[in-house]
2 protein chains.
Amino acid sequence: MNIYDIANRANVSIATVSRVINDSPKVSEKTRKKVHDIMEELGYTPNVFARGLGLNTMKTIGILCSDPSDIYVARALSYFEKMLRENGYDSLLCCSGYDTKNLKKYLNILVSKSVDAVIMIGSKYISAKDNKNLIKNTAKSLPIFLINGFLEGENIYCSYYDDFNATKKSVNMLYNTGNRKLLFLYNSTSQSAKRKLDGFISGCKELKIKSENYATLLCEENEIESINLSLKKFTKEFFFPDGIIASDDFLAMTALKFAKQNKISVPDELSIIGYDNSIFSKMSYPELTTVDSRLFDLCSRSVKTLLEVFDGHSPENIYILEPSIIERDTFKSKN
Amino acid sequence: MNIYDIANRANVSIATVSRVINDSPKVSEKTRKKVHDIMEELGYTPNVFARGLGLNTMKTIGILCSDPSDIYVARALSYFEKMLRENGYDSLLCCSGYDTKNLKKYLNILVSKSVDAVIMIGSKYISAKDNKNLIKNTAKSLPIFLINGFLEGENIYCSYYDDFNATKKSVNMLYNTGNRKLLFLYNSTSQSAKRKLDGFISGCKELKIKSENYATLLCEENEIESINLSLKKFTKEFFFPDGIIASDDFLAMTALKFAKQNKISVPDELSIIGYDNSIFSKMSYPELTTVDSRLFDLCSRSVKTLLEVFDGHSPENIYILEPSIIERDTFKSKN
DNA sequence: CTGTTAGCGCATTCAT
DNA sequence: ATGAATGCGCTAACAG
């Protein structure tokens, strides 16, 4: 069934039917109703391909992410799909996995599908220089939205948190309440992780903490056993911290588990601060003190920007959010 | 740039270019190379809309789910996207939220986008009778794959676990090791939850457990505080269980937290068995004994079936998996 | 092996 | 306010 069938039944031309479909004002109320009724009766749906062919858009946004089973990505995905659909856009999902070398391949897939824009969740992609140029080039053909990543360029829109400052705040909070041996736990070399790392080091330096009393530990394999092993090794070779700052709640929770296994009481002997205010932070016992990364705000702001771009406006390219610390039960003053 | 431009530059007809694009064998090696080189040089990508218009397919699968921020859904989504892409299919994501009344709306969206098939993650949709007919009707225009749900019908393919049996096994395991006061904790009235519920009750009855010594508790609001409150109320009004079987790991973990808050030692005084073998089960301390619902197997089997359907074969409509219990640390014999 | 041509279903101009 | 005609870019049937 196509537009011709409807036109025949309604004794009008396909142009009129098309006008009805697209809510054109140049149709008499009477004709509009007649056509509408027949479309309803026959259960007619316009063919998206034909429409796409003419308009060269299918109102679809490509969402590029590493892996939706990561809870941070999953949450962002959930927000985006919902908000985009509310505005008439579909979401085409494209998962690259954790290897950032294939960015070109996945970006090409999305471009070749003629999506109207690409939203990239996660800052890991941007690290390599090749990828930076790749993104800039791709942005020539469609707008690109970076979630939690920074890259300057025409038609590129970024939004991210001030992770540097947030982590620095955490350091201060721990130090000012008497914690003296600090460990920063992180799991990737993404932009975001780097900002946190820098914030941690900068915070420690500003407080003039001696270098033997703070340390950073990279746990690249994001698995509980492997993280446990790293912690075991670290505490044996260096020191047992009384304050841990983690780059996400999963790490924080794993650290908490490690502490329990070693009969270290949290928060009495060890304070832990997570990051993201994810579901993990509320499931754990004791509940995690954590940085609220305001993911919803980040996503909704990005969608707003996207709609503005489509409306022909020129919104700001960069948007930075200020996170705040949520105090729960894994933090306690040692004073 | 279109197929004509390439044809001109290569001094061939558009038909030949089309053949090259589609890897037709009826092209001489020489011509193929010439055309390929020119496409490469000009960075030509075929227009998906035009192709879709002719073939009436865009090699896209619609994935319908409640909410990708649910970890079970997220994991399934991750598996599907990956396997589908490996076979040349894109994934169009469509999230309905937890209200199953809007199924029609979301199914319509997917159908109107001319997806090649719909994969429905979760059995919640199927409960209402209206929805059953809706699905059967929709299956007239494209194949539908039900993940963890059962519905008989032409062009409908289901795969799910034998939750009934798995839960029964859990009951037996608890009873046979001396646990005498059993509680089943569940959070929805989905098909899957019902199968578990039935398995629990059937297990208790077969063991001739007195009715005052087993109970079921529905926690509809899937939030920690609300579950805690339900547990508090239940234990006050009825009994404190020494064995809890939960319909998913989140509930199990919440029960564990509740026990800790009440100074009940797990597994000494209370055994807990979760469901799904999710990341939660390994994050918790002690780690959860849980039913492995073999989600990966379920998903990969479904994709296999999907590909068979597209190949014109007629695979079985129903596939049932047998789950197994993974013993970890929240279960201990009381003998 | 290669070229010609007829659709695929819709939006859109240009008439009327 | 409505209709006729054209083009969007590609695939496939047919002809050579």
Side-chain angles (χ1 to χ4, degrees), chain A residues 1-39 42-60 88 90 111-116 141-142 310, chain B residues 1-39 42-60 88 90 108 111-116 141-142 310 312:
Chain A
M1 175 174 29
N2 57 33
I3 201 170
Y4 288 92
D5 299 323
I6 307 296
N8 280 334
R9 286 271 293 224
N11 283 320
V12 296
S13 73
I14 60 161
T16 301
V17 178
S18 177
R19 288 189 189 103
V20 172
I21 292 171
N22 294 291
D23 280 325
S24 158
K26 318 187 219 178
V27 183
S28 74
E29 229 10 85
K30 199 178 153 192
T31 324
R32 179 185 311 282
K33 184 172 175 0
K34 187 171 58 177
V35 174
H36 249 143
D37 288 350
I38 291 178
M39 294 198 302
L42 271 61
Y44 164 76
T45 328
N47 180 305
V48 282
F49 303 131
R51 169 176 270 169
L53 185 54
L55 302 179
N56 210 36
T57 161
M58 215 160 94
K59 296 211 89 177
T60 301
D90 285 320
V111 171
S112 73
K113 290 284 169 179
S114 289
V115 295
D116 298 317
S141 48
L142 42 61
F310 286 163
Chain B
M1 178 174 28
N2 58 32
I3 202 170
Y4 288 92
D5 299 323
I6 306 297
N8 279 335
R9 286 271 291 222
N11 281 320
V12 295
S13 72
I14 59 162
T16 301
V17 178
S18 177
R19 288 188 188 102
V20 172
I21 293 171
N22 295 292
D23 279 324
S24 158
K26 320 188 217 175
V27 182
S28 76
E29 231 7 87
K30 198 178 151 193
T31 322
R32 181 188 307 284
K33 184 171 174 0
K34 188 171 60 178
V35 174
H36 249 143
D37 288 349
I38 291 178
M39 292 199 303
L42 271 61
Y44 164 77
T45 327
N47 181 306
V48 283
F49 303 131
R51 170 176 268 169
L53 185 54
L55 302 178
N56 208 35
T57 162
M58 216 160 94
K59 296 212 86 178
T60 301
D90 286 320
N108 271 344
V111 171
S112 73
K113 290 285 169 176
S114 290
V115 295
D116 298 316
S141 48
L142 43 62
F310 286 163

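Order of the sequence lines fixes the chain letters, A, B, ..., with proteins taken first and strands second; residue numbering starts at 1 for each chain. Keep in mind that this is a model prediction, so the values were computed, not measured.
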Going by heavy atoms in the side chains, are A:Lys59 and A:Asp90 under 4.5 Å from each other?
-> no

Would you indicate whether the side-chain heavy atoms of B:Val48 and A:Met58 approach each other to under 4.5 Å?
-> no

Between CG of B:Leu53 and C1' of C:dG7 the distance, given in whole Å, is 9 Å

Please give, in whole Å, the distance from C:dC10 P to A:Ile6 CD1?
-> 9 Å

Are any non-hydrogen side-chain atoms of B:Val12 and B:Thr31 less than 4.5 angstrom apart?
-> yes

Min side-chain heavy-atom separation B:Lys34-B:Val20 under 4.5 Å | no

Phosphate OP1/OP2 of C:dG9: any A:Asn47 side-chain N/O under 4.0 Å | no

Tell me what A:Asp5 touches on the nucleic acid: a base, only sugar-phosphate, or nothing, going by heavy atoms under 4.0 Å.
-> nothing

How would you give the extent of chain A contacts on DNA chain D, as first and last nucleotide 5' to 3' within a 4.0 Å heavy-atom cut-off?
-> D:dA1 to D:dG9

Between atom OH in A:Tyr44 and atom P in C:dG9, what is the gap in whole Å?
-> 10 Å

Do A:Val35 and A:Arg19 touch side chain to side chain, with heavy atoms closer than 4.5 Å?
-> no

Identify each atom pair where a protein N or O and an N or O of nucleotides 11-13 of chain C are less than 3.5 Å apart, giving names and distance.
{"unit_1": "C:dA11", "atom_1": "OP1", "unit_2": "A:Asn22", "atom_2": "OD1", "d": "3.4"}
{"unit_1": "C:dA11", "atom_1": "OP1", "unit_2": "A:Asn22", "atom_2": "ND2", "d": "3.1"}
{"unit_1": "C:dA11", "atom_1": "OP1", "unit_2": "A:Arg51", "atom_2": "NE", "d": "2.9"}
{"unit_1": "C:dA11", "atom_1": "OP1", "unit_2": "A:Arg51", "atom_2": "NH2", "d": "2.9"}
{"unit_1": "C:dA11", "atom_1": "OP2", "unit_2": "A:Ser18", "atom_2": "OG", "d": "2.8"}
{"unit_1": "C:dA11", "atom_1": "OP2", "unit_2": "A:Asn22", "atom_2": "ND2", "d": "3.4"}

Please report the shortest heavy-atom distance between A:Arg9 and A:Leu42, naming the atom on each side.
-> NH2-CD1, 3.5 Å

Do B:Ile3 and B:Tyr44 have side-chain heavy atoms sitting under 4.5 Å apart?
-> yes

Are the side chains of A:Asn47 and B:Leu53 in touch, meaning some heavy atoms are under 4.5 Å apart?
-> yes

